[in-house]
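Here is the structure we will look at, set down as structure tokens.
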Amino acid sequence: MDDISVLICDDSALMRNLIGRIVDETEGMKVVARAENGLDLIEKLKTVQPDVILLDIQMPQMDGLGFLRHKKEAKIDIPVIILSSVATEGAAITMQCLDLGASDFITKPGGTSVSLKIGDVTKEIIEYIASYGGSYATKKGKSVHEPEFFSHQIKLKQAERFVIQKKGEESAKRAEISHAEATSMPFFNQIAKKKEPVVIVPEKECGKVQVIALGISTGGPNALRELFKNIDPNVKQPILVVQHMPAGFTKEFAASLNNLCPLTVTEARDGEPLMPGHVYIAPGNYHIYVEHRPLGNLVRLSQEPQRNGHRPSADVLFESVAKIYQNNALGIIMTGMGRDGAAGLAEMRKKGAWTLGQDQASSIVYGMPKVAFELGGVQKQVPLSQMAGELSKIAIENQ
């Protein structure tokens, strides 16, 4: 197996070392170069060809935005993940990075205890490298591990942190956690084996489409940009979207989608009525669901506990749509790691709703749509390039 090669660009030597340690301690990936700023990064790319770049925003001489502009002009196709504390203070800058071609972003910890807090984003760092770097490496002909292989390692690292918290850091250092001890943790699950898809017999035939519900995660920012850029302006149904994204970013993300989508896109507000031709993006850290009212259904938000490790959760949205709309809905699940939304989409399908899933070839991570397909929740698998057309066709023909 080949390693996923990583280039880290950050003006902080501490951050380069901390992130580098996370990468190099993860089997199946390795750091091939480190850069101090955008200009240094351009020089490094003359001698190394990484599968993914982790890029800080604020740096001297050439910042992250400057490099992304250069990347666009030079037609460099290596995926870039923004990794910066600036992102928490300036979501608009982060969206500008996405506009310039960044694949996604992670908020790195700031303050004086960065070394202690880096563990909080270890999961995201590994997942994003595995997803974006793994996808790029595969397209370039390398043989790398599937994302599930890295999910397995993430759970081991979570177990190690659990032991540290329970036993204390010193005792954890003296006695390295065993695989048996790790897999006995309540949150540890073995990698799922390939399953034949379940056959669901819907309670009713597909009816009119009164609402569209969509769940998406890793790979979502750019996938949603392509989807909503190409959606038919004649789609009249309200569309509710769960995109796994940190709090503080979804308002700017909705605004960026609104700039390119022929429909109106906003961050959802609790209690607002569902309006035709309107796209509602779930706010970070809030579940979104539908509440039935005689005079018109409402968007509702809550901070109930996480589902499948997420808030918002696609399962919460899909379950509410299945209950209220039954066979008069369209459910869509797209690229993402894990299984969030899979059970909810299967429930929608049981009620007779139309359902679509993104196909494996076009998914950055074929996780959520894969599990949904295996559970029988996906009527039809569709490549990203055709998703807007398929959504629009079903919505318009079944108004």
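This chain uses plain numbering: 1 for the first residue, then up along the sequence. When reading the values below, keep in mind they use all heavy atoms of this one structure, side chains included, and skip hydrogens, waters and symmetry mates.
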Can you name the closest pair of heavy atoms from Val144 and Met1 and give their distance?
-> C-SD, 3.6 Å
Hey, is the main chain of His244 close enough, under 3.5 Å, to the side chain of Ser217 for a donor-acceptor pair?
-> no
Is Asp104 reaching over with its side chain to a backbone N or O of Asn222, donor-acceptor style, under 3.5 angstrom?
-> no
Please lay out, stage by stage, how Tyr132 and Thr218 fare under the test side chain to side chain contact (heavy atoms under 4.5 Å, CB included).
-> CA-CA 9 Å; Tyr132 293 102; Thr218 315; 4.0 Å; yes
Arg225 and Asp99 ion-paired at < 4.0 Å = yes
What is the minimum heavy-atom distance between Ala346 and Leu375, and which atoms define it?
-> CB-O, 4.0 Å
Looking at side-chain heavy atoms only, is the closest gap between Val80 and Phe67 below 4.5 Å?
-> yes
Supply the atom-to-atom distance Gln243 CD to Phe253 CZ, rounded to the nearest 0.5 angstrom.
-> 5.0 Å
Any donor-acceptor pair under 3.5 Å from Gln358 side chain to Ser362 backbone | yes
Considering only heavy atoms from C-beta outward, does the side chain of Arg69 approach that of Leu100 to under 4.5 Å?
-> yes
Under 3.5 Å side-chain donor-acceptor pair for Asp270 and Tyr286 | no
For Cys206 and Arg349, the nearest pair of non-hydrogen atoms, with its separation, is SG-NH1, 3.8 Å
Taking the six-membered ring where the residue is Trp, are the ring centres of His278 and Tyr280 under 6.0 Å apart?
-> yes
Is it true that Met95 and Val279 fall in one hydrophobic cluster, defined by side-chain heavy atoms closer than 4.5 Å?
-> yes
Is a side-chain N or O of Asp232 found less than 3.5 angstrom from the main chain of Asn234, in a donor-acceptor match?
-> yes
Could you give the distance from CD1 (Ile288) to CG (Leu240), rounded to the nearest 0.5 Å?
-> 4.5 Å
Verify the neighbour count for atom OH of Tyr136: are there more than 12 heavy atoms of other residues, nucleotides or ligands below 6.0 Å?
-> yes
Got more than 12 heavy atoms from elsewhere within 6.0 Å of NZ, Lys30?
-> no
Residue pair Leu301 / Pro283, side-chain heavy-atom distance below 4.5 Å = yes
Roughly how far, to the nearest 0.5 Å, is the CD1 atom of Ile212 from the OG atom of Ser392?
-> 8.0 Å
For residues Glu267 and Thr250, is any side-chain donor paired with an opposing acceptor at under 3.5 Å?
-> yes
In the single-linkage hydrophobic clustering (I, L, V, M, F, W, Y; side-chain heavy atoms under 4.5 Å), do Leu54 and Met15 co-cluster?
-> yes
For Phe318 and Leu214, which heavy atoms make the closest approach, and how far apart are they?
-> CE2-N, 3.9 Å
Member of Lys204, Gln210, Lys350 meeting the side chain to side chain donor-acceptor pair (under 3.5 Å) criterion with Gln326 = Lys204
Is the side chain of Thr26 donor-acceptor paired with the backbone N or O of Met29 at a distance under 3.5 Å, no angle test?
-> no
If you take all heavy atoms of Ala91 and Phe249, which pair is closest and at what distance?
-> CB-CD2, 3.7 Å
Under the side chain to side chain contact (heavy atoms under 4.5 Å, CB included) criterion, do Lys208 and Asn328 qualify, and how do the steps go?
-> CA-CA 5 Å; Lys208 298 293 185 182; Asn328 297 121; 4.0 Å; yes
N-O pairing of Arg16 and Asp56 below 4.0 Å | no
Taking Arg307 for its side chain and Arg311 for its backbone only, find out whether a donor-acceptor pair lies under 3.5 Å.
-> no
Given the rule that I, L, V, M, F, W and Y join up when any side-chain heavy atoms are under 4.5 Å apart, are Val378 and Tyr325 in one cluster?
-> yes
Spatial distance of atom CD (Gln153) from atom CD1 (Ile126) [nearest 0.5 Å] = 7.0 Å
Check: Asp3 main-chain N/O paired with Lys142 side-chain donor or acceptor under 3.5 Å | yes
Contact check, side chains of Lys140 and Asp77, non-hydrogen atoms, under 4.5 Å | yes
Is the closest basic N to carboxylate O distance between Glu226 and Lys229 below 4.0 Å?
-> no
Just by distance, with hydrogens left out, do Gln381 and Tyr366 show a side-chain donor and acceptor under 3.5 Å apart?
-> yes
Do the side chains of Leu356 and Val321 join up, straight or via other hydrophobic residues, at under 4.5 Å, putting them in one cluster?
-> no
Might you point out which heavy atoms bring Gln306 and His287 nearest each other, and give the distance in Å?
-> CA-NE2, 4.1 Å
Determine whether Tyr128 and Met368 fall in the same hydrophobic cluster, where Ile, Leu, Val, Met, Phe, Trp and Tyr are linked whenever their side-chain heavy atoms lie under 4.5 Å apart.
-> no
List the steps and the verdict of side chain to side chain contact (heavy atoms under 4.5 Å, CB included) for Asp10 and Lys108.
-> CA-CA 11 Å; Asp10 196 303; Lys108 70 181 180 183; 2.4 Å; yes
Once you round to the nearest 0.5 Å, how far does NE2 of His145 lie from CD of Glu27?
-> 5.5 Å
Quick one: does Ser131's side chain have a donor or acceptor within less than 3.5 Å of a partner on Ile364's backbone?
-> no
Looking at CD1 of Ile76 and CG of Leu41, how far apart are the two atoms once the value is rounded to the nearest 0.5 Å?
-> 7.5 Å
So, Ser5 and Asp51: side-chain donor and acceptor under 3.5 Å apart, yes or no?
-> yes
Any side-chain heavy atom of Leu45 within less than 4.5 Å of one from Pro50?
-> yes
Using modelled atom types only, decide if a donor and an acceptor are shared between the side chain of Asn37 and the backbone of Met62 within a distance under 3.5 Å.
-> no
Using atom types as modelled and distance alone, determine if a side-chain donor or acceptor of Asn258 lies under 3.5 Å from a backbone N or O of Thr266.
-> no
Quick one: does Pro312's side chain get under 4.5 Å of Leu317's, heavy atoms only?
-> no
Can you find a pair of side-chain heavy atoms, one from Met334 and one from Leu384, that are under 4.5 Å apart?
-> yes
Derivation of the side chain to side chain contact (heavy atoms under 4.5 Å, CB included) call for Ile231 and Ile239 | CA-CA 12 Å; Ile231 196 169; Ile239 304 175; 3.8 Å; yes
Could you check if a side-chain atom of Leu227 sits within less than 4.5 angstrom of a side-chain atom of Leu224, using non-hydrogen atoms only?
-> yes
For atom CD of Gln303, is the number of surrounding heavy atoms from other residues, nucleotides or ligands below 6.0 Å larger than 12?
-> yes
For the side chain to side chain contact (heavy atoms under 4.5 Å, CB included) test, which of Pro369, Ser135, Pro383 pairs with Ser363?
-> Pro369
